[in-house]
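What follows is a short report on a single structure.
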Amino acid sequence: MKIMREITPVKEGQPFVVLEHENAKFDYPLHFHPEYEINFITNFQGERTVGDFTEHCNRTDLVLLGPHLYHIWQSDRDPSHAKVVTIQFKEDFIGKKVFDYTMFENIKQLLQTSGRGIAFSSQAIHDVKDKINALCKSSGIESFLLFIDILKRLALDKEMRVLSNTSGTTNVNENKSRRISVVVDHIEKNYATDLRIGKLAEIVNMSESAFSHFFKKRTGMSLTKYILEKRLNVSSKLLLETDLSISEICFKSGFKNISNFNRLFRQRYECSPKMFREGYDKLL
């Protein structure tokens with residue numbers, strides 16, 4: 001699939017631009033741009049691709065994308081009745097030195113992590129949806145302060161999910177990139193097995209403590225959370241694309257027992273695996 005570069009409407013002299021689309025058609029091809037982007041989408045049913053990661057989305061989606069990270073939303077509905085609010089802003093929208101201040105530390109970390117794309121929790125969506133809608137109607141210094149407030153709240157989301165294994169822009173040295181690639185590739189091929197930190201650290205010749213710090217710094221999440229996200233992504237895909245029983249999917253995805261699988265799946269998708277599959281089937 002061809003990847004296009006989008007020329008965004010962000011102009012010199014403005015920190016960001018806000019775009020609203022009612023009944024969005026989602027007909028723009030896979031693309032990227034050098035600006036950050038927040039997408040708040042409601043009443044949506046379809047797939048979202050960010051970097052090398054694709055997943056099915058239902059109803060409401062809130063994502064932060066870093067510079068040069070390719071992405072696309074594809075609706076299952078024609079016509080679509082989704083509404084999209086897009087906020088695009090440059091890397092230096094607030095000045096580089098500002099992020100050296102302690103009060104902006106959380107936002108700085110958020111933007112760094114967004115290089116691989118971030119999806120936010122339902123609680124974070126609830127907390128910022130009115131602010132985003134208000135931002136569409138505000139201007140001047142009021143809109144700027146509101147925008148910073150939105151970033152601040154998103155930065156505090158403890159349930160945010162990093163989406164792509166690769167980022168749009170990378171400044172890490174080649175050796176570190178190779179190491180994390182080796183580990184990620186091992187997880188991709190062995191997610192259904194008993195993955196232990198000692199074994200993974202051994203693969204890249206690191207101590208467990210050093211590996212733990214290294215992995216979180218490079219992926220934006222702990223090893224435990226990363227493996228959990230991978231297994232949940234696999235399970236949701238199997239639920240939608242196969243006729244395997246929920247029990248079979250549980251073990252095929254790497255979970256050790258049904259009750260634990262159901263609990264963790266419900267925490268992530270806010271419904272049981274059975275309801276997840278039935279809800280999707282009704283749309284077909």
Side-chain angles (χ1 to χ4, degrees), residues 3 30 32 47-56 63-71 105-106 108-121 155 157-239 241 249-257 260-261 263-265 267-269:
I3 305 175
L30 187 66
F32 69 95
E47 284 191 340
R48 179 212 328 113
T49 295
V50 172
D52 63 4
F53 178 68
T54 299
E55 71 176 337
H56 194 268
V63 170
L64 171 61
L65 307 168
H68 304 285
L69 182 63
Y70 59 85
H71 52 280
E105 185 176 346
N106 288 338
K108 179 180 179 179
Q109 179 61 48
L110 176 74
L111 296 179
Q112 289 175 339
T113 305
S114 73
R116 293 171 50 222
I118 301 172
F120 296 95
S121 67
D157 183 12
K158 295 182 179 179
E159 299 301 320
M160 67 174 73
R161 295 185 292 115
V162 178
L163 300 175
S164 176
N165 287 319
T166 58
S167 63
T169 305
T170 178
N171 295 313
V172 297
N173 63 54
E174 186 176 334
N175 184 50
K176 287 187 176 180
S177 294
R178 186 194 63 78
R179 279 185 169 184
I180 199 65
S181 295
V182 169
V183 174
V184 167
D185 183 61
H186 184 83
I187 294 173
E188 288 293 314
K189 294 176 179 177
N190 300 279
Y191 58 82
T193 66
D194 187 14
L195 292 169
R196 296 181 180 274
I197 187 172
K199 175 62 177 179
L200 294 174
E202 183 180 327
I203 290 174
V204 289
N205 195 30
M206 298 176 71
S207 68
E208 290 188 18
S209 59
F211 173 78
S212 179
H213 177 75
F214 166 76
F215 189 88
K216 186 170 185 178
K217 184 177 181 180
R218 289 291 288 113
T219 65
M221 64 180 77
S222 68
L223 176 65
T224 300
K225 185 173 182 180
Y226 186 94
I227 294 173
L228 173 61
E229 288 295 323
K230 174 62 184 177
R231 288 170 173 167
L232 287 172
N233 290 337
V234 170
S235 67
S236 64
K237 188 176 180 67
L238 291 174
L239 284 165
E241 299 180 359
I249 290 173
C250 164
F251 296 109
K252 199 173 185 67
S253 302
F255 294 94
K256 295 181 178 179
N257 61 75
N260 190 47
F261 170 56
R263 178 178 62 81
L264 293 170
F265 192 94
Q267 286 179 1
R268 162 79 175 276
Y269 294 103

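- For the pair Leu163 and Ile118, the minimum side-chain heavy-atom distance is 4.5 Å or more.
- Using a 4.5 Å heavy-atom cutoff, the side chains of Leu223 and Ile187 are in contact.
- A donor-acceptor contact shorter than 3.5 Å is absent between the side chain of Arg161 and the backbone of Glu229.
- Enclosure of atom CD in Glu188 by more than 12 non-hydrogen atoms of other residues, nucleotides or ligands within 6.0 angstrom is indicated.
- Counting heavy atoms from C-beta on, the side chains of Leu264 and Asn260 come closer than 4.5 Å.
- In this structure, Asp194 places its CG atom where more than 12 heavy-atom neighbours from other residues, nucleotides or ligands lie under 6.0 Å away.
- Listed by first and then second residue, the salt bridge (Lys or Arg N to Asp or Glu O under 4.0 Å) pairs involving residues 199-210 amount to none (not counting sequence neighbours).
- In this structure, Asn190 contributes its side chain and Thr193 its backbone to no donor-acceptor pair below 3.5 Å.
- Comment: Glu55 does not engage Lys237 in a salt bridge, judged by the lack of any side-chain N to carboxylate O separation of less than 4.0 angstrom.
- Between His186 and Leu200 the shortest heavy-atom distance is CD2-CD2, 3.3 Å.
- When all heavy atoms of Phe251 and Ala192 are compared, the pair lying nearest together is O-CB, 4.5 Å.
- At least one donor-acceptor pair under 3.5 Å links the side chain of Ser114 to the backbone N or O of Leu111.
- Side-chain contact between Val234 and Lys252: absent, with no pair of heavy atoms (C-beta onward) separated by less than 4.5 Å.
- Taking the six-membered ring where the residue is Trp, Phe215 and Tyr226 present perpendicular rings, their angle passing 60° and hence far from 30°.
- The CD1 atom of Ile227 sits 11.5 Å away from the NZ atom of Lys230 when rounded to the nearest 0.5 Å.
- Checking side-chain atoms of His68 against main-chain N and O of Gly66 turns up no donor-acceptor pair under 3.5 Å.
- Closest of all the heavy-atom pairs between Leu232 and Phe265 is CD2-CA, 3.9 Å.
- More than 12 heavy atoms of other residues, nucleotides or ligands lie within 6.0 Å of CZ in Arg263, so this atom counts as buried by the packing criterion.
- Pairing each heavy atom of Arg48 with each of Ala119, the nearest pair is NH2-CB, 4.1 Å.
- Among Thr49, Thr54, Asp52, the one residue that satisfies the side-chain hydrogen bond (donor to acceptor under 3.5 Å, both in side chains) test with Ser164 is Asp52.
- A heavy-atom distance below 4.5 Å is not found between the side chains of Val63 and Phe120.
- Here the two rings, on Phe261 and Phe255, have centers that are under 6.0 Å apart.
- For the pair Phe214/Ile180, a side-chain contact is recorded, criterion being any heavy-atom separation below 4.5 Å from C-beta on.
- The pair Glu159-Lys225 does not meet the salt-bridge criterion, since no charged nitrogen lies less than 4.0 angstrom from a carboxylate oxygen.
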